[in-house]
Protein chains: 2
Amino acid sequence: MAIFNDFLRDRRRDELSSEDLQALEASVHAVQNVPARHSLAISKQPIGVSTYLIEGFICRYMDDREGVRQLVAVHVAGDFVDLHGYPLKRLDHDVATLGPCRIALVRHEAIDQLVRDRPNLTKLLWFSTLLDAAMHREWIFRLGRLDAVARVGHFFCEIEAKLRAVELSDGRQFSCPLTQADIGEACGMTSVHINRMLKELRERGLMHMQRGRVTILDLPALRRLSEFDPSYLFIGE
Amino acid sequence: MAIFNDFLRDRRRDELSSEDLQALEASVHAVQNVPARHSLAISKQPIGVSTYLIEGFICRYMDDREGVRQLVAVHVAGDFVDLHGYPLKRLDHDVATLGPCRIALVRHEAIDQLVRDRPNLTKLLWFSTLLDAAMHREWIFRLGRLDAVARVGHFFCEIEAKLRAVELSDGRQFSCPLTQADIGEACGMTSVHINRMLKELRERGLMHMQRGRVTILDLPALRRLSEFDPSYLFIGE
DNA sequence: CGACGGATTGATCTGCGTCAAATCTCGTGG
DNA sequence: CCACGAGATTTGACGCAGATCAATCCGTCG
């Protein structure tokens with residue numbers, strides 16, 4: 001089947017034995033295509049399946065009182081989007097597609113089986129949920145300590161690094177279906193100000209974005225500006 | 001020994017069998033007292049032990065380029081502070097005490113044993129690391145979507161709810177060794193502005209804080225102001 | 001008593017939000 | 001093939017929340 005080709009790719013994938021991988025593949029109970037801007041899971045409902053993202057972009061978010069979104073995560077191919085829903089039993093946030101996606105669904109009873117039989121795989125699944133937590137921490141840092149330009153730069157540095165790990169970025173170009181409003185929801189800013197910051201990054205010769213395509217012109221400089229250190233992504237370990 | 005008396009208290013503690021609890025207690029290899037403002041773990045170093053907090057307050061934080069701290073978590077009694085270091089093998093942030101603490105240390109080899117033998121306990125340990133991730137998400141929301149008063153209010157609502165779960169708050173009063181500068185580092189604000197917002201909360205009759213003692217005067221109103229919904233803490237489930 | 005870290009308050013500055021309008025892009029149907 | 005409309009992007013003018021700078025006050029401890 002080869003659904004999990006990108007899972008933990010360029011991270012600890014070598015620790016995944018072929019038996020573990022087979023067991024993981026066998027636990028998939030459905031594969032689906034989902035259109036863009038489509039809700040996948042709603043906060044507080046008990047859930048019994050988790051979603052693995054084969055292709056596309058998915059976000060997780062929370063709404064404030066007025067219904068304004070705050071994204072808390074953006075996922076790309078190879079991410080087990082809401083595996084944390086397995087130990088938690090329900091989610092504390094909503095999940096939705098950004099662009100069109102291809103996803104695999106895994107029932108929690110199947111994961112129970114894996115946890116019972118495969119301590120090594122269990123540790124890797126656990127690891128993958130903690131990668132998300134590490135990204136959350138970096139988002140806290142981004143929102144708490146960086147100014148507007150650096151926030152936007154940092155956001156794209158993260159996306160680029162994640163995409164590169166699954167060979168969807170060559171370090172210069174990648175496609176990314178987010179609107180400026182989406183980026184604003186991720187960075188805690190208005191879309192108007194995102195627009196100005198993108199202009200600034202463009203004029204400084206660091207990066208530009210048009211029609212769902214991002215071009216990074218000077219990655220080292222962009223990372224420096226954004227205080228971006230990719231070690232929290234555990235890539236290449 | 002009864003070291004883990006507060007672990008997952010008022011959460012899923014009933015799912016912890018007495019054998020699991022015994023195995024957990026047996027895996028502790030040292031108990032220590034640590035003074036206030038003391039560093040416990042440093043970013044990027046490989047680690048082989050995790051820290052369980054028996055008593056006191058601990059924070060996790062990251063520094064920006066100029067060395068200004070951003071807290072990413074505050075821990076209280078009953079928290080397994082850096083259990084996530086077990087699957088990750090190293091930390092992406094620093095850990096330090098806020099006030100004086102009593103901690104228990106658990107070697108990762110001991111946890112390996114637990115993961116191999118005790119799937120149910122493993123799932124609960126996993127769960128506890130994901131509680132931290134849920135709190136991270138709430139911090140992202142706080143920084144991204146709330147204004148200054150609500151940020152401070154939300155922060156204290158969280159601390160209060162966590163302390164109440166281990167009976168260190170009665171819903172009205174609790175002690176909390178954080179300075180206004182610490183709170184600023186948690187909320188992404190300056191200590192000056194924290195001071196003004198505490199004044200505002202005091203004048204509105206919602207809460208006040210003096211010499212390490214917090215008094216909540218109107219919890220429902222404070223929660224309303226701060227858009228605080230404790231369900232992400234999974235208390236009482 | 002003096003010193004020092006933390007709390008408090010005032011004055012001023014600025015980064016980003018808000019509001020509003022213009023332009024661009026692309027899908028849809030006549 | 002063009003007209004239309006919805007959504008996304010871009011730009012300008014203006015206001016304000018929170019930062020910054022700086023001075024004073026307070027409580028604790030040697």
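Below, chain A is the first sequence line, B the second, and so on; all start at residue 1.
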Please write out the pairs of protein N or O atoms and N or O atoms of nucleotides 3-8 of chain C separated by less than 3.5 Å, giving the distance to one decimal.
residue: C/dA7; atom: OP2; partner: B/Gln180; partner atom: N; Å: 3.0
residue: C/dT8; atom: OP2; partner: B/Gln180; partner atom: NE2; Å: 2.8
residue: C/dT8; atom: OP2; partner: B/Asn195; partner atom: ND2; Å: 2.8
residue: C/dT8; atom: O5'; partner: B/Asn195; partner atom: ND2; Å: 3.2

Using the rule side-chain contact (heavy atoms from CB on, under 4.5 Å), only one of B/Leu98, B/Ile103, B/Asp79 pairs with B/Ile58; which is it?
B/Ile103
Regarding B/His84 and B/Arg60, is there a side-chain donor-to-acceptor distance under 3.5 Å anywhere?
yes
Bend angle of the helix from C/dC1-D/dG30 to C/dG30-D/dC1 from five-pair axes at both ends, rounded to 10°?
30°
Output the rounded distance in Å from CD (A/Glu185) to P (C/dG17).
13 Å
Here the distance between atom C1' of D/dT9 and atom CG of A/Leu201, to the nearest Å, is 16 Å
From CZ of A/Arg196 over to C1' of C/dG17, roughly how many Å is that when rounded to an integer?
9 Å
Can a cation-pi geometry be assigned to A/Arg164 and A/Phe174, taking NZ or CZ under 6.0 Å from the six-membered ring centre and within 45° of the ring axis?
no
Go through it in stages, so that I can follow the logic: the residues are B/Arg37 and B/Asp182, the test is salt bridge (Lys or Arg N to Asp or Glu O under 4.0 Å), and I'd like the CA-CA distance, side-chain angles, deciding distance and then a yes or no.
CA-CA 11 Å; B/Arg37 312 273 153 190; B/Asp182 294 328; 2.6 Å; yes
Sub-3.5 Å pairs of nitrogen or oxygen atoms, protein against nucleotides 15-18 of chain D:
residue: D/dG18; atom: OP1; partner: B/Ala148; partner atom: N; Å: 2.8

Under the side-chain contact (heavy atoms from CB on, under 4.5 Å) criterion, do B/Arg102 and B/Asn33 qualify, and how do the steps go?
CA-CA 4 Å; B/Arg102 186 169 177 77; B/Asn33 292 314; 3.0 Å; yes
Where protein sits on nucleotides 25-30 of chain D, one letter per nucleotide: B base, S sugar-phosphate only, - none, heavy atoms under 4.0 Å
--SS--
Once you round to the nearest 0.5 Å, how far does OG1 of B/Thr97 lie from NE2 of B/His38?
7.0 Å
A cation-pi test, strictly: NZ or CZ of A/Arg142 under 6.0 Å from the centre of the six-membered ring of A/Phe228 and no more than 45 degrees from its axis. Yes or no?
no
Check the pair A/Ile216, A/Val214 against side-chain contact (heavy atoms from CB on, under 4.5 Å), reporting the backbone distance first and the verdict last.
CA-CA 7 Å; A/Ile216 309 283; A/Val214 175; 4.1 Å; yes
Whole Å only: how far is the CD1 atom of A/Ile194 from the C1' atom of C/dG15?
14 Å
Would you please test A/Arg137 and B/Asp132 for salt bridge (Lys or Arg N to Asp or Glu O under 4.0 Å) and show each step?
CA-CA 10 Å; A/Arg137 287 190 284 277; B/Asp132 287 337; over 6 Å; no
CG-CG distance between B/Leu146 and A/Asp64, expressed to the nearest 0.5 angstrom
7.5 Å
For B/Arg65, what residues pass the salt bridge (charged side-chain N to carboxylate O under 4.0 Å, His left out) criterion, not counting sequence neighbours?
A/Glu227
Interatomic distance where CD belongs to A/Glu200 and P belongs to D/dT11 [whole Å]:
13 Å
Give every residue pair that meets the salt bridge (Lys or Arg N to Asp or Glu O under 4.0 Å) criterion with at least one member in residues 204-217 of chain B, sequence neighbours excluded.
B/Glu200-B/Arg204
Residue of the set A/Arg151, A/His154, A/Glu158 for which side-chain contact (heavy atoms from CB on, under 4.5 Å) holds with A/Trp139
A/Glu158
